[in-house]
Amino acid sequence: MVTAMLFAGGVGRRMKSTDMPKQFLKVAGKPIIIRTMEHFAKHSEVDDIVIACKEDWIDYLNELIEKFNVKKVRAVIPGGETGYESIHNGVVETAKVAKNPDDIILICDGVRPMLSEKLISNCIELTRKYGTAVPVTPSIDSLLYSEDGEICKKSYKRSSMYITQAPQGYTMERILWAHSEAEKRGITNPVSSSELFIELGEEVRLFIGERTNIKVTTPEDMDTLRASFFYKHFRMFAEEELGREE
């Protein structure tokens with residue numbers, strides 16, 4: 001089986017939204033978290049959806065799931081104090097049903113409303129083949145390293161640098177092992193599941209993702225997202241008008 005595990009336990013400080021976590025902000029009439037969930041709900045290979053949510057927003061999320069009739073949601077559980085703790089809670093919840101070591105978990109932040117069916121399919125296919133699958137995009141910018149943000153004495157070769165995306169795919173056997181090892185070794189807050197594996201000395205399999213698969217983190221990301229949906233709806237309207245004229 002394939003379970004999509006979304007984590008949405010943060011408050012989005014970089015978004016500068018004072019009254020609502022960023023995952024619940026609306027774009028073209030729908031909250032971002034709902035748009036992200038719908039991509040997995042509509043995918044033929046995804047069986048279940050588990051969401052680790054900021055605890056005091058769980059009731060609201062359940063109301064949204066019912067309002068927008070999102071299918072395949074098996075559980076909405078409390079997130080943790082960090083992204084990793086939220087992922088861990090979701091992995092534990094997923095393991096209650098995904099008993100086969102080869103079952104797949106797709107770990108994704110709840111603020112990726114531009115996911116494509118193809119990206120999800122590729123992630124599932126490569127996870128089945130390799131046990132891990134992490135979408136990335138090649139860096140298009142030069143990269144400099146600085147401890148303080150003021151002085152730099154080191155740069156990185158751009159052609160070797162990649163930006164991680166989500167969903168990241170893992171077999172249940174691999175992800176459960178990684179979380180067990182993290183506890184044994186005192187690893188408490190890796191930035192992502194792929195970085196957890198690397199910190200444990202393991203390799204992860206990369207594949208090329210999509211630049212349109214943005215993670216909504218800042219107000220500028222919201223501007224990009226809204227512009228994309230505006231363009232999409234404008235283009236559909238224009239095509240319909242042209243069809244009528246013909």
Kindly write out the residues that satisfy salt bridge (charged side-chain N to carboxylate O under 4.0 Å, His left out) with [X], not counting sequence neighbours, or none if the list is empty.
X	answer
D141	none
K30	E38
K96	E93

With hydrophobic residues grouped by side-chain heavy-atom distances under 4.5 Å, do M161 and Y145 end up in a single group?
-> yes
What pair of heavy atoms forms the shortest contact from [X] to [Y], and how long is it?
X	Y	answer
I34	I65	CD1-N, 4.1 Å
T36	P113	OG1-N, 3.4 Å
R226	V27	CG-CG1, 4.2 Å

With sequence neighbours left out, what residues match [X] under side chain to side chain contact (heavy atoms under 4.5 Å, CB included)?
X	result
E173	P101, T171
S121	H43, E45, E117
V97	M1, D48, R74
N100	D102, D103

Would you give the length of the straight line joining atom [atom1] of [X] to atom [atom2] of [Y], rounded to the nearest 0.5 angstrom?
X	Y	atom1	atom2	result
L106	S193	CG	OG	11.5 Å
I77	S86	CD1	OG	8.0 Å
S116	L119	OG	CG	5.0 Å
S44	I124	OG	CD1	7.5 Å

Mind checking whether [X] and [Y] have side chains closer than 4.5 Å, heavy atoms only?
X	Y	result
I33	L61	yes
T224	V216	no
C108	Q168	no
I51	M37	yes
F7	Q23	no
P135	I208	no

Go through the side-chain N and O atoms of [X] and [Y] and say whether any donor and acceptor fall under 3.5 Å apart.
X	Y	value
T218	D221	yes
T137	E210	no
K67	N69	no

Look at the side chain of [X] and the backbone N and O of [Y], then say whether any donor-acceptor pair between them is shorter than 3.5 Å.
X	Y	value
D47	V2	yes
K72	A41	yes
T3	I49	no

Any ring pair (Phe, Tyr, Trp, His ring centres under 6.0 Å) pairs touching residues 85-114, not counting sequence neighbours?
-> H88-H179
Could you name each residue pair satisfying salt bridge (Lys or Arg N to Asp or Glu O under 4.0 Å) that touches residues 153-172, not counting sequence neighbours?
-> none
Which pairs count as salt bridge (Lys or Arg N to Asp or Glu O under 4.0 Å) when at least one residue sits in residues 176-194, sequence neighbours excluded?
-> E181-K184, E181-R185
Ring pair (Phe, Tyr, Trp, His ring centres under 6.0 Å) with Y156: which residues, sequence neighbours excluded?
-> none
Who are the ring pair (Phe, Tyr, Trp, His ring centres under 6.0 Å) partners of F197, not counting sequence neighbours?
-> Y170
